[in-house]
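Scroll down for the structure; my scribbles are underneath it.
Worth knowing before you read on, the calculation uses all heavy atoms, side chains too, and leaves out hydrogens, waters and symmetry mates.
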Amino acid sequence: MKCKSQGPDGRVFEIDDGILLPYREKLEAGGEAAVSRLVFAAAHVVMEESYRTLQHSPGSPGSAEEIAEHVNWPATMSIRQHLDAHGFGVAEAMDTAQRYSLGWPSARRLIEACGELNLLNGFVAGAGVDHLEAVNRRSELIDGVVYQARLIQKAGGMVTILPMLWMAENCSSESDYVQVYEEIFAQLEGPIFVHWLGEMFLPALKGYFPGDSFRKVMRLDPDKVRGCKLSLLNSATELEIRRELHPREQIVLTGDDFHFAGLIRGGEVGSPPPKIESWVTIGAHRVAVGDFSHALLGVFDGLAVPAGLALGLLARGDWQGYENIMRPAEALGRWIFQAPTAGYKTGLAFLAWLN
């Protein structure tokens, strides 16, 4: 069925909401299939209409206390249930564009409320130190990350260690990075993921993981550190890291909103994707291992319906159907995440609102 919709700039778009119907029917006719990729969507926060009174902008959203007063919590949690219904786990309080604006009290509430939803596909959340007014020494940094990680695990989530701004601000050395992560890992149970975020998302992280520190960190305790989340927007680097982790059965959760279709699929365009070589258990998930990436992406927040359908087709072996849906989704992601990349959440929240 076709309908017309008017965009905010006055242009009229014709939308064919039956374009996915043949793929949906094919998927439903094929029955259940083992999920071949572990995927998380970084969900946004819904604001009350009263938020307008702050005269906010993407660059000046208001203080954390002001923002907290205007969060629509029922609607915010329904977004998480919507993502879960389409096969996505939730990446909670990890989104750079919202985490440091929301502040720790709201982030903690999100984490604990997400756990209370008992989502079928579970959730992962970011552990940092934003509950502290300041970090003055390395021991405070380590203790702070461990505190948040344990809270996440208590709520039922898997932990991702967020990039630690203190390390970048203090020009920490390669050995400093390795020692800090090693001390954090030693105090936690697995599974744990490590987040490497590029400076295009947060300029203050320029130079994060100096030298060979990232690879050394990932080698520290593979039984506990089950993988990484890469947000570098560099598919060649991700492919290189993925193949280094592969022999240890560690996985990459791609955060590359420019190249995710091919990275999740694996292999070359126009040919069948790589075969699943083995299955491992990560938390409550049975996860496929092979020369492909899994995913933790902000873009899925606004594209849950088509992306979930595409991933279902991929699991059933219909990689061409996957390509037909996911490649246009990737093109949309490139547009949403264009420079200034840090402002992407505005576009995703607007897209989710349109949906």
Side-chain angles (χ1 to χ4, degrees), residues 40 42 64 91-108 110-111 124-153 157-222 224-233 237 241 245 250 252-253 255 296 298 341-342:
F40 296 92
E92 191 60 271
M94 278 193 64
D95 202 307
T96 315
Q98 68 179 212
R99 172 67 181 255
Y100 301 113
S101 295
L102 277 173
W104 172 244
S106 292
R108 176 172 182 167
L110 282 171
I111 291 165
V124 61
V129 291
D130 48 336
H131 62 291
L132 301 175
E133 290 186 8
V135 174
N136 298 306
R137 57 184 64 88
R138 197 165 80 176
S139 60
E140 293 176 353
L141 177 72
I142 294 166
D143 291 345
V145 172
V146 170
Y147 164 78
Q148 289 197 9
R150 287 176 175 164
L151 185 144
I152 292 164
Q153 291 175 331
M158 294 195 294
V159 172
T160 296
I161 306 299
L162 294 174
M164 293 171 270
L165 282 171
W166 187 87
M167 301 287 286
E169 291 169 349
N170 287 275
C171 301
S172 300
S173 68
E174 179 179 321
S175 61
D176 290 334
Y177 275 79
V178 176
Q179 290 172 17
V180 165
Y181 278 91
E182 186 173 26
E183 291 186 43
I184 290 171
F185 298 158
Q187 298 184 58
L188 296 173
E189 299 296 323
I192 302 169
F193 292 93
V194 174
H195 189 189
W196 189 356
L197 186 71
E199 63 183 274
M200 69 291 295
F201 291 98
L202 193 61
L205 289 175
K206 184 177 182 180
Y208 202 79
F209 280 128
D212 201 36
S213 57
F214 175 77
R215 288 165 173 82
K216 290 180 177 179
V217 165
M218 295 306 297
R219 290 196 293 264
L220 287 171
D221 192 346
K224 188 180 288 186
V225 183
R226 301 304 300 121
C228 62
K229 195 262 186 173
L230 296 181
S231 302
L232 304 176
L233 303 185
T237 298
I241 291 173
L245 300 184
Q250 293 172 306
V252 169
L253 297 170
L296 194 164
T341 303

Heavy-atom closest contact (L141 atom, V180 atom, distance): CD2-CG1, 4.1 Å
Within the 6.0 Å centroid threshold, strictly below: F193 and F40: no
Distance-only side-chain donor-acceptor flag, Q179 / R138, under 3.5 Å: yes
Minimum heavy-atom distance V159-A149, with the two atoms named: CG2-O, 3.4 Å
Student check: side-chain heavy atoms of F185 and V225 closer than 4.5 Å: yes
Heavy-atom pair with the smallest gap, counting every atom of M218 and Q250: O-NE2, 2.9 Å
Note: E189-K224 ion pair, threshold 4.0 Å (strictly below): no
E199 side chain vs L205 backbone, donor-acceptor pair below 3.5 Å: no
C228 vs L245 side-chain heavy atoms within contact, under 4.5 Å: yes
Separation of I142 CD1 from Y181 OH (nearest 0.5 Å): 11.0 Å
Residue pair N136 / E140: nearest heavy atoms and the distance that separates them: N-OE1, 2.7 Å
Option among Y177, F201, W196, F214 that satisfies the ring pair (Phe, Tyr, Trp, His ring centres under 6.0 Å) test with Y208: Y177
Rounded distance [0.5 Å steps], CG in L253 versus CG in L230: 8.5 Å
Minimum heavy-atom distance between H131 and G128, given as atom pair plus value: CE1-O, 4.0 Å
Nearest heavy-atom neighbours spanning L197 and L232: C-CD2, 4.3 Å
Main-chain N/O of M167 paired to S172 side chain as donor or acceptor, under 3.5 Å: yes
Sub-4.5 Å side-chain heavy-atom contact between R150 and Q187: yes
V146 and L188: CA distance, side-chain angles, deciding distance, side-chain contact (heavy atoms from CB on, under 4.5 Å) verdict: CA-CA 7 Å; V146 170; L188 296 173; 4.0 Å; yes
Atom pair NZ (K229) and OG1 (T160), whose distance is rounded to the nearest 0.5 Å: 8.5 Å
Salt bridge (charged side-chain N to carboxylate O under 4.0 Å, His left out) evaluation trace for R219 with D212: CA-CA 11 Å; R219 290 196 293 264; D212 201 36; 3.8 Å; yes
Candidate pair E92 and I152, rule side-chain contact (heavy atoms from CB on, under 4.5 Å), full reasoning: CA-CA 10 Å; E92 191 60 271; I152 292 164; over 6 Å; no
From CE (M200) to NZ (K206), nearest 0.5 Å: 11.5 Å
Main-chain N/O of G103 paired with S106 side-chain donor or acceptor, under 3.5 Å: no
Any donor-acceptor N/O pair, R99 side chain to M94 backbone, under 3.5 Å: no
Derivation of the side-chain contact (heavy atoms from CB on, under 4.5 Å) call for L165 and V135: CA-CA 10 Å; L165 282 171; V135 174; over 6 Å; no
OG on S231 to NE2 on H195, rounded to 0.5 Å: 3.0 Å
Test side-chain contact (heavy atoms from CB on, under 4.5 Å) applied to V217 and F209, step by step: CA-CA 9 Å; V217 165; F209 280 128; 4.2 Å; yes
